[in-house]
Each structure stands twice: as structure tokens, then as C-alpha cells.
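Each remark here refers to the structure printed beneath this line.
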Amino acid sequence: MEKLHSSQAWNQIRDRFFETLDGCACMRAVSPLVEAEVLAAFHRALPQAPGPVALLAVGGFGRGELFPHSDIDLLFLHADEVAPPQMAMLVGPVCQTLWDLGLEPSHSVHSLRDITRFQADNAEFFLSLLDARPLAGQPALLGQFDAARTELLREKRPRLTERLFDLMDGRWRQFSFTIHHLEPDIKDGPGGLRDLHSLRWLAALKQETPFWDSPGQWETFQAEALQQLAGIRCFLHYQEGRNQNVLRFDAQEEWLDLLCRRGWDATQWSRQHYRRGRQLQRELQHWMERYSRPATALQRGIAEWRARLSNADFLVSRGMVLLKSPSQLDQDPTLALRLFAFLSRHGLPIAEDTIRRLRKALPAFVQSLATTPAAESNSQPTTEPTGLRDALLRICDGPHADVAVRAMESAGYLAAIFPEWLDIEALLVRDYYHRYTVDEHTLVCIDALCELLRGQKNLDPRMLDMAEQTDARALLVLALLFHDIGKKDGVDGHELRSREAARVALQRLQMEERDIDTVCLLVQQHLLLARMMRSRDLADPATGAELASVLGSLPNLRMLTLVTYADIRGVFPGALSPWRMDQLWSAFRIAQLAMEDRVAQERIRPAASYSSQELRYMEGFSTRYTRLFLPAQVHDHFLLYQEMLRGASGLRLRAVESSFELIAVCQDAPMRFAEVAGLLAALGHNILVADAFRNAHGVMLLRFRFEDPGRGLTLNPEDLDRLAHRLHSVLYHQATAAAIAPRRGQPRLSRGQRHLEPYVYSRNDVSPTLTMFEVGAADRPGLLYDIARTLAANGCTIDVLIVETRAHRAFDTLYVQKMGRELTADEQAEVTVALLQVLRSGR
Amino acid sequence: MKKLEAIIQPFKMEDVKRALTDIGVTGMTITEVKGHGRQKGHKEVYRGNEYVVDLLPKVKVEVVLADNKVEDAIQAILGAARTGKIGDGKIFLYEVAEAIRIRNDERGETAL
């Protein structure tokens with residue numbers, strides 16, 4: 001028997017398709033061709049029918065939309081009195097004939113009674129009845145079928161709708177809920193043909209028209225989406241000679257080449273494909289939100305509990321965020337930014353309805369970006385650069401920044417704020433490791449980072465620990481947002497182009513220059529650790545030294561490690577295997593050890609950018625000093641140094657944002673640092689950051705940043721002068737903290753802090769003359785004083801001190817010496833015991 | 001025919017791949033593995049927490065070769081993977097009974 005695929009009619013359809021690339025015309029031509037063969041086979045076998053029977057086309061065949069190598073979905077219907085096994089006499093010959101023709105029938109046999117008995121676990125079958133089309137058989141039976149189907153749809157409409165949502169959810173889950181795959185599945189993937197049919201079924205079940213908020217859109221959308229998807233699917237079927245629906249890289253190139261030869265812009269075509277797919281997925285999401293109900297009492301309870309987060313602007317309903325007064329968006333463009341900040345804080349999903357309202361208000365928002373009104377308060381409608389910057393930093397700093405950034409992207413606000421984003425929208429970079437388009441990869445990276453920053457339990461404990469130490473969350477999110485922007489002009493050298501794009505965008509927002517530099521460094525170096533992991537010996541100190549030299553500081557190294565972690569996880573699920581995680585960790589550790597060595601060993605040497613007097617003042621400081629302070633700040637410190645030499649006060653105390661900063665230059669003396677820390681603690685101030693540097697001439701520079709929880713300094717500015725006077729006494733007249741402000745008992749730790757076990761870890765291999773102590777403990781007033789006093793009591797002097805506090809924990813790194821040399825093993829042990837004793841007090 | 005299995009340092013993978021390609025070895029299987037030989041592992045302390053690193057990341061390169069190419073391949077790997085330090089890895093050699101190309105049932109050295 002001649003195969004249908006070799007027939008002249010078949011070849012004509014094929015040739016016509018490659019002339020026009022009209023997929024709809026192709027499938028509508030294939031369908032009657034196959035139908036003729038099916039009918040012929042059915043009529044030939046009909047004499048063997050055991051009773052009243054009918055044949056119906058279902059699925060794509062039922063719709064008259066058959067792709068060249070699709071299955072031929074058939075429903076053999078029989079009257080209730082016919083026993084199902086008897087149907088084999090009819091079904092067998094029909095299917096065999098179709099097989100012999102080279103077709104692939106996919107059939108089911110059902111009685112009329114089966115149609116009326118709904119089974120939730122076979123919802124696909126009942127949904128397929130929506131497209132059922134009678135082909136042949138007893139008219140009375142077909143009439144009964146039609147009546148039974150109508151009755152079923154009337155009665156089981158809600159159940160069918162719920163099951164359809166379940167099926168969609170399960171299908172989307174297989175594709176990580178995104179259409180943005182580099183090799184998209186045209187049939188089953190999000191935004192694919194199955195979704196288009198699902199939307200048609202929903203419209204039939206609910207008797208409503210999709211896109212109800214944009215009348216007339218549905219017909220045009222449906223026709224265009226079907227034309228686009230059908231074209232690719234026909235092409236894939238012809239190329240592969242089978243029912244293959246994934247647009248793989250090689251097929252993509254051929255398809256885009258075909259389009260180009262017909263004058264299409266391949267990039268625009270791809271972008272259009274993804275945009276339309278997303279629109280389709282979002283419309284389905286809209287239907288799901290509108291018609292699905294929380295399935296369990298627990299889900300209902302959680303939704304109600306979340307409703308308590310509603311405020312004056314936003315309503316939390318069924319676990320999703322809605323606007324209380326959507327019309328406000330046009331009058332107050334900052335409402336959108338407040339909404340994104342709300343999402344970032346609470347991590348609630350935004351309702352599709354809200355996304356649509358945001359999109360409608362987008363022109364007003366863009367207009368507000370252009371007009372930059374003068375008002376500064378957040379309560380007034382302004383999106384001038386600084387207001388926008390602050391709002392954006394708030395959004396990126398929140399624990400659920402990933403949720404907010406995705407909402408911004410969906411609503412078009414991300415591209416409005418950063419037009420650079422459009423460069424990577426649906427950008428295909430064909431790479432066998434990557435799974436997603438560049439924009440989706442970026443968003444998945446931010447998801448991965450935020451999971452880590454939120455402390456999600458199943459993640460690598462080392463990375464969780466590192467994330468906890470990182471304050472600059474917003475900078476990390478911004479770095480990831482821009483890290484691949486430069487790929488629009490190719491992969492080679494994209495990190496440099498990305499860096500430049502980031503700089504321009506962040507300068508436009510008037511971000512602080514230091515923050516811009518940090519983001520640019522992370523963007524430019526985002527491949528550095530991955531490259532080192534592949535090509536360098538991670539046990540070789542030279543590797544660490546090279547990394548240390550590029551990154552400059554431990555916070556930069558930590559941030560880059562987190563960016564690399566997120567970047568690898570964004571490649572595809574499972575890309576960060578335990579093997580790669582260990583490699584990343586090794587790269588981090590070798591660089592960290594090198595940096596610790598640098599702090600201890602590298603000292604500032606003469607350089608052209610400083611005067612000879614300034615260089616004398618800086619001589620012997622760790623190079624960390626110039627990495628921590630800008631040249632202008634160094635000059636400021638130098639002026640304080642000169643004042644100290646003249647016998648005046650070498651200290652400066654001032655308010656910085658919500659905290660206070662003390663900079664002091666003084667002669668080094670035992671206990672001096674400890675006494676300053678003690679005085680601040682005794683007065684109830686909470687030390688956030690402290691640094692100490694000692695130069696070659698016995699001069700110390702101290703920097704403390706502290707909070708004033710009692711707000712005494714904030715409310716009484718004259719108290720600032722009084723505190724400066726007291727500090728002066730301690731720094732320059734050997735007064736003790738205890739004499740000036742006696743401590744009132746030992747501060748107690750909170751219940752949450754008591755379970756934190758303190759640690760002391762020492763290393764003697766960082767420098768020939770210094771010992772490094774790493775100390776971690778629950779933070780409390782006076783902690784730093786106790787540590788410094790313990791060290792002083794053991795005869796140790798602090799050469800470099802780095803203090804970090806994070807929430808309820810403090811992490812101090814101290815480089816100390818004893819009589820100009822490093823500590824012996826016994827001395828280290830003694831100091832460790834003494835420190836642990838102090839750290840455990842108050843528990 | 002022989003199967004050559006080399007456990008090497010991850011950062012030497014590209015060098016080894018290039019060295020094998022240079023002597024005409026076209027097919028190889030590369031796997032990310034973890035393990036230890038004499039190098040054992042070590043204990044790391046990071047912010048007071050101890051992390052035992054007892055299995056170190058390595059790369060396994062597997063190649064099946066005609067007998068007359070085996071020595072060249074060994075020399076290529078030795079030359080490319082050696083740093084002289086502990087942890088450079090090992091090479092193991094096995095006899096291969098048969099090689100069959102699935103596509104066309106071709107057998108023996110021609111299937112390599």
C-alpha cells in the first residue's frame with residue numbers, strides 16, 4: 001500500500017508550505033486529506049460493526065487542524081448495548097489500514113454511557129470532547145452523543161475547569177513556568193499550542209471571551225498566535241519526519257534562515273514569538289486567578305492570614321496583591337514603586353489584574369520619569385532620579401526582591417527605568433549549557449540569589465553563612481540585573497559592555513559613585529571565579545593572590561562569590577552540582593586566605609597621588625586603609641593628624657545617615673582602643689563598624705560607626721559636643737571609660753542570642769609579625785570593649801581591626817602582636833581561652 | 001584495544017583534552033568526580049564552623065584506544081596533567097573486549 005506521505009497530494013501540500021510558510025493553510029490541507037483515508041477505512045470495516053457505532057475526530061483532527069505527523073485522534077463510539085470487546089472487529093481493521101498508510105492513529109473506544117459518567121482522573125478525555133467532530137456512523141447515536149456532551153458540559157463545567165487548570169499547572173511546572181526556553185516546546189511548553197487550545201476550551205466552558213478587558217483582541221490574537229505556532233510546528237514535522245515539537249538549535253537556524261530569505265527580521269520574529277507566548281500564558285494566569293479556588297482549608301487559612309497585610313494602598317486577597325484604588329496609578333506614579341517595594345518586603349505574588357492595570361498606567365509613569373517634578377517627599381508623586389534611586393534600592397534590598405523584579409519586568413516598569421533591559425528581552429544566545437533566554441536567565445539568577453539571602457534551608461550552609469554576612473543586597477541584585485546586558489552584541493567581551501551599560505544606567509539614577517564602582521566591578525568580573533574554577537589550581541596561593549589583587553577586599557570577594565553562585569544556578573536547574581559548589585568554595589577560600597595575608601603583610605608604600613607629608617602619616621598602614629577610604633577622606637584624616645601633632649583635638653564626630661561616625665587620630669597606647677569602645681558602650685551606643693590602623697610611627701587611626709538606640713544624640717545636639725569632649729579625655733588625656741561613664745551591670749543577651757555559641761579562631765601564618773584572631777559572638781553593648789580589653793590585658797596590641805555586625809551577631813577580625821612579634825602557640829591558646837570566657841558572659 | 005581512565009586535577013582538563021586531540025584521539029568521556037588518594041582531604045574552619053573537605057573535586061577522562069596508540073596517550077596525559085605536586089591524579093588501563101558502534105553495528109577498532 002502506498003504511504004500517504006509519498007502521495008502527490010501530500011507532496012503538494014509540503015511544497016506549498018515551504019513556499020509560503022503558512023502553517024495554518026498546511027494543517028487545514030492535511031486534515032481533509034487524512035480524513036478521506038480515515039473515512040474510507042471506516043466504511044470498509046463498517047460491515048463488521050457489532051451494532052450501532054459512530055466515528056468522531058477529536059483533538060487537533062477534531063478541530064480540522066492536523067499537523068503533518070500528528071497523531072490521528074479518533075473516538076469510536078458505540079451504543080450501550082454493544083459489548084466493548086466486540087468493537088475490536090471494527091477498530092482493528094481501521095487502525096491497521098491507517099498504519100499501513102504511514103499514519104499514526106491514536107484511538108479510544110467508548111460507549112454513550114461513558115460520556116455521561118464524568119471521571120476526574122480522565123479529564124483529558126472529557127476535554128477532548130470539546131473539539132469532537134462527527135465523521136461517520138449512525139445519525140441517531142451521534143445525536144445522542146451531542147446531547148450527552150452538552151449535558152456533561154453543563155453539569156461538570158466547574159470540575160472540568162479546575163482539572164484544566166491542574167493540567168496546565170502540571171505542564172508548566174515541567175518547563176519551570178517559563179516560556180523563555182532557548183529550545184522551546186511549541187506544543188506543550190508555556191505559550192505553546194496546548195495553551196492556545198486551553199484558552200479556547202476555557203472560553204467554551206465559561207462562555208466568555210478571552211481578553212475581556214480588551215474587546216476585539218481575542219480574534220486577532222488567536223489568529224496570529226496560531227499562524228506563528230503552526231508555521232514552526234509544520235516546519236519541525238517536515239524537517240524531522242515525525243511528531244517532534246521542540247525547536248532545537250539546529251532547526252532554529254534553518255527556520256530563521258527561511259524567514260530571513262522571505263524578508264523577515266529573525267530577531268524581531270523571535271522576540272514576537274516569546275512576547276505573544278507570554279501574553280497567552282498571562283491570559284491563562286488571569287483566568288486561573290479568576291476562577292480557581294483554594295483547594296484545601298489550609299490554603300484558605302493561609303490566604304486569609306495574608307489578607308492582614310493589606311494597607312491603605314494595597315489589598316491582599318486570596319494570597320495575591322491588588323490595588324485598592326487602581327485609578328490612583330495615573331495621578332501618583334510613585335504608587336507603582338511603592339507596590340513593588342511592598343512585594344519585595346512580603347514576597348506575595350502580584351495578581352495578573354494588577355499587572356494589567358500597571359501596564360495601562362505605564363505611559364504616565366514614563367512621563368513622570370521625563371518631567372522630574374521637584375517634590376522630594378515619598379508621599380508626593382515624584383519619580384525624580386534620587387526618589388527613583390531610593391525606591392529602587394528599597395525594592396532591591398528587600399528579602400523578596402526577586403518577586404518584585406519579576407513583577408516590574410512583567411508590567412514593563414523594569415524596561416521603563418532601565419531601557420537597557422530591552423537589549424536582552426527574549427535574546428537567544430545559543431549555548432548548549434544554557435536553558436533560558438538571556439532575560440529569563442537574569443531573572444532566574446536573581447531568584448537564586450534571593451533564596452540564599454532569605455536563608456532557605458536546603459541550600460549550601462557555607463553559602464548561607466556568606467550570604468548572612470552580606471549587607472549590600474541591593475548592589476548584588478543590580479549587578480545580576482546588568483551582568484549579561486552586553487550579550488546583545490555577542491558573548492565575547494560582553495562583561496565589559498555590561499559594565500559600561502551598568503555605569504551609564506546607575507549614573508542616570510544618581511547612585512553613589514562607590515556603589516556604582518562596586519556594581520561595575522561585580523559585573524565586569526562575573527566570570528572571573530568560574531574561569532578560575534576551570535583553569536587554575538585552586539590550591540595554589542598564586543591563584544588566591546591574583547584573585548585578591550583583582551577584587552581588592554573581602555566584601556568584594558564575598559559579593560562576587562554570591563554573584564557567581566547565582567549565575568551558575570541560573571544556567572539550568574542542577575547546574576550548580578555539589579562538585580561545582582566545592583570548586584566555587586575552593587576559589588573563594590584561596591582568595592580569602594590571600595586577602596587575610598595581604599591585610600597583615602602589605603603596607604602602604606610611596607605613591608604619586610599623595611604628598612610626602614601624607615605619605616609619612618600613612619607609612620606602615622595596611623593597604624586595607626586605602627581600599628577603605630577615598631583619597632579625599634585620607635586627606636581629611638591627614639588634617640586631623642596634623643591637628644593632633646599641634647596638640648589640638650584629632651577627632652571628628654558627626655551624624656552619618658541614621659548613625660554616627662567617629663574618626664580619631666591619636667598616639668597608640670595600651671588600652672586606648674578598648675577605652676573608646678568601652679566609653680561608647682557604657683553610654684548605650686551600639687557599635688556597628690570599627691576599624692583601627694597603626695602606622696610605622698606609633699600613630700593610630702580609629703573609625704567607629706555606631707547607633708544611638710536611646711536617640712539622646714539625635715534629640716539633643718549639644719550631647720554630641722559633650723560626647724566629643726569625653727572621647728577627647730579618653731584619647732588624649734588617659735582618662736578611662738569606667739571613670740567617665742561607669743557601666744551599669746553586665747548586659748544580658750536576648751533569648752534568641754543565647755543559643756549562639758561564640759568562636760575564636762587564630763592563625764599564625766598570615767605574617768611574620770602578626771597573629772590573626774577571628775572572633776564571632778552574639779552582639780551586645782560592650783562586646784568590643786571586652787574583646788579589646790582582654791587582648792590588652794594579655795599584652796597584645798591591635799595592628800588592624802575589622803568589625804562587622806549583622807543583625808544579632810558580631811564578627812571581628814583582629815591582627816595583633818605582642819612586643820613586635822606574633823604570638824606563640826601557648827600565647828594564642830591563652831588568649832583564646834580568655835576571649836571565650838569574655839564572649840560567653842551574659843549568656 | 002584498551003580503555004584508559006585518567007583521574008586528573010580539574011584545572012588540567014583543557015590541557016589534557018588538547019594533548020589527546022593533538023595525538024589524534026577524537027573521542028573521550030569526561031566526568032566530574034570527587035575522591036581522594038594520598039592527598040586525603042583537610043578540615044577548614046570558616047567563621048567558627050568546621051567543614052571537612054575529605055573528597056576533593058577531580059575530573060575523570062575515559063578514552064578507548066587501539067593498542068598502538070596507548071603509550072602515546074599515556075605520555076600525552078602525563079605531560080599535560082603533571083604539576084609535580086601531590087594530587088596530580090592517576091592513570092588506569094583496562095583491556096577492552098569489544099567496541100560496537102550503535103548506529104551501524106560496526107565493530108572493533110574501526111568503531112572507535
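The model shown is predicted, which means the values in this text are computed figures rather than measured ones.
- Across B:Val33, B:Val59, B:Thr83, the residue that shares the most heavy-atom pairs under 4.5 angstrom with chain A is B:Val33.
- You'll find the side chain of A:Gln583 reaches within 4.5 Å of the side chain of B:Pro10, heavy atoms only.
- Annotation: B:Asn104, atom CG; neighbour count of heavy atoms from other residues, nucleotides and ligands within 6.0 Å is above 12.
- In this structure, A:Gln837 places its CD atom where only 12 or fewer heavy-atom neighbours from other residues, nucleotides or ligands lie under 6.0 Å away.
- Salt bridge absent: A:Asp537 and B:Lys12 never bring a charged side-chain N and a carboxylate O closer than 4.0 Å.
- A:Thr813 does not touch chain B: none of its heavy atoms, backbone or side chain, sits under 4.5 Å away.
- Under the rule for a side-chain contact (heavy atoms from CB on, under 4.5 Å), the partners of B:Lys34 that lie at least two apart in sequence or sit in another chain are A:Pro578, A:Trp579, A:Asp582, B:Leu55.
- The contact between B:Glu32 and chain A is made by backbone and side chain atoms together, counting heavy-atom distances below 4.5 Å.
- Here the side chains of A:Leu538 and B:Gln9 are not in contact, with every heavy-atom distance at 4.5 Å or above.
- Counting non-hydrogen atoms of other residues, nucleotides and ligands closer than 6.0 Å to CZ of B:Arg82 gives a total of 12 or fewer.
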